[in-house]
Amino acid sequence: FEPACPVCGDDLVPGLVAEDAPADPRNVYATTKLAQEHLAAAWARSTGGGAVSLRYHNVYGPGMPRDTPYAGVAAFFRSALARGESPRVFEDGGQRRDFVHVRDVAAANVLALEAGPADGTFTAYNTGSGDPHTVGELAHALAAAHGGPRPVVTGEYRLGDVRHITADSARLRADLGWKPEVAFEDGMREFAGAAPESVSR
């Protein structure tokens, strides 16, 4: 599953993606997100208003909806554990993601609202923890905190999934003074121990 360099064949080294990286959406969901940003930027230019986009990475935490297409992998794994089932890990589990706690995301929203964008501007901010983990690490952390059962690596895959996607949130930190407070391990313990009704709607 790990992509190789198309020129030399060596393994590629995943890095953090900044806001100004070329946009290349690979599925409908990503395409609609980008379209929303283009609409917000066009509105800001044409009206003299200001707009901000917070590009959430893999948000998790209490209150997540259960088993919906928008819930994210953490919610799927948590729901499986609540049913007494093993989390099913696609590919080889080595996909890197940036899991960011919902309280940290909420704090970023408050800072963005309080700061207010300058008139006629549009600014995008990556909103991620800056501490990437693999999907396999997520599954094992949740299973351990929940008390099992252990994850199962299936080797299956979803078309359109990107192998690695992790955020560089330096702009958000520099411009708004934001920094995530919830460590991965602490957040996983909290999420794994959440009552079933707090992760479903």
Side-chain angles (χ1 to χ4, degrees), residues 1-3 11-27 29-34 36-37 52-65 68-78 87 89-112 123-145 151 153 157-158 160-192 194 199:
F1 292 104
E2 201 66 44
D11 289 341
L12 297 175
V13 178
L16 301 180
V17 178
E19 292 88 350
D20 57 359
D24 183 17
R26 299 298 178 96
N27 54 44
Y29 177 76
T31 302
T32 59
K33 290 289 190 182
L34 184 59
Q36 290 167 12
E37 288 194 354
V52 170
S53 171
L54 295 181
R55 294 177 176 175
Y56 304 153
H57 278 250
N58 290 70
V59 182
Y60 74 93
M64 283 187 79
T68 76
Y70 304 103
V73 68
F76 279 110
F77 289 170
R78 173 62 179 83
V89 180
F90 281 9
E91 300 183 22
D92 59 1
Q95 313 92 294
R96 286 164 46 99
R97 297 291 186 268
D98 190 323
F99 300 102
V100 59
H101 196 278
V102 66
R103 283 196 300 275
D104 289 328
V105 171
N109 278 271
V110 170
L111 287 170
T123 306
Y125 290 110
N126 285 338
T127 309
S129 70
D131 181 28
H133 289 271
T134 68
V135 172
E137 288 170 341
L138 168 73
H140 282 284
L142 278 174
V153 177
Y157 61 92
R158 295 191 312 175
D161 271 1
V162 177
R163 176 63 175 176
H164 304 296
I165 182 72
T166 52
D168 181 351
S169 299
R171 178 185 292 174
L172 181 59
R173 293 171 185 249
D175 287 3
L176 302 183
W178 175 83
K179 69 181 186 111
E181 302 289 346
V182 181
F184 178 79
E185 294 77 10
D186 297 335
M188 289 298 119
R189 279 192 295 271
E190 178 194 33
F191 186 49
V199 293

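Values below: every heavy atom of this structure, side chains too, minus hydrogens, waters and symmetry copies.
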Subject >> Least distance between heavy atoms, Ala139 atom then Val89 atom >> reply: CB-CG2, 3.6 Å

Original post:
Rounded to the nearest 0.5 Å, how far apart are CG of Asp92 and CZ of Phe1?
Top reply: 6.0 Å

Original post:
Is Gln95 reaching over with its side chain to a backbone N or O of Phe90, donor-acceptor style, under 3.5 angstrom?
Top reply: yes

Subject >> Any pair counted as side chain to side chain donor-acceptor pair (under 3.5 Å), so long as it reaches residues 170-188, sequence neighbours left out >> reply: Tyr125-Asp175, Asp186-Arg189

Original post:
Looking only at heavy atoms, which two atoms of Met64 and Ala75 are closest? And how far apart?
Top reply: CE-CB, 3.6 Å

**OP:** State the CG-OG distance between Asp131 and Ser169, to the nearest 0.5 angstrom.
**Re:** 11.5 Å

Original post:
If you take all heavy atoms of Pro62 and Val102, which pair is closest and at what distance?
Top reply: O-CG1, 4.3 Å

**OP:** Just jot down the side-chain hydrogen bond (donor to acceptor under 3.5 Å, both in side chains) partners of His164, sequence neighbours excluded, or say none.
**Re:** Glu2

**OP:** Using a 4.5 Å cut-off on heavy atoms from C-beta on, say whether the side chain of Arg55 contacts that of Glu37.
**Re:** yes

Subject >> Nearest-0.5 Å distance that lies between atom CG in Asp168 and atom CG in Asp20 >> reply: 9.0 Å

Original post:
What residues form a side-chain hydrogen bond (donor to acceptor under 3.5 Å, both in side chains) with Asp24, not counting sequence neighbours?
Top reply: Arg26

Subject >> Which atom of Ala167 lies closest to which atom of Leu16, heavy atoms considered >> reply: O-CD2, 3.4 Å

Original post:
So which heavy atom on Leu172 is nearest to which on Ala108, and how close?
Top reply: CD2-CB, 4.1 Å

**OP:** State, with a plain yes or no, whether a side-chain heavy atom of Ile165 is found less than 4.5 Å away from one of Val17.
**Re:** yes

**OP:** With sequence neighbours excluded, give me every side chain to side chain donor-acceptor pair (under 3.5 Å) pair touching residues 96-110.
**Re:** Tyr56-Asn109, Asp98-Ser129, His101-Glu190, Arg103-Glu190

Subject >> From Val59, Thr166, Asn58, residue fulfilling side-chain contact (heavy atoms from CB on, under 4.5 Å) relative to Phe99 >> reply: Asn58

Subject >> Sequence-distant partners of Tyr60, side-chain hydrogen bond (donor to acceptor under 3.5 Å, both in side chains), two or more places apart >> reply: none

Subject >> Close side-chain approach of Pro87 to Val73, heavy-atom, < 4.5 Å >> reply: no

Original post:
side-chain hydrogen bond (donor to acceptor under 3.5 Å, both in side chains) with Glu19: which residues, sequence neighbours excluded?
Top reply: none

Original post:
Any idea which heavy atoms bring Thr31 and Asn27 closest together, and the distance?
Top reply: OG1-O, 2.8 Å

Subject >> Heavy-atom check, side chain of His57 versus side chain of Val105, under 4.5 Å >> reply: no

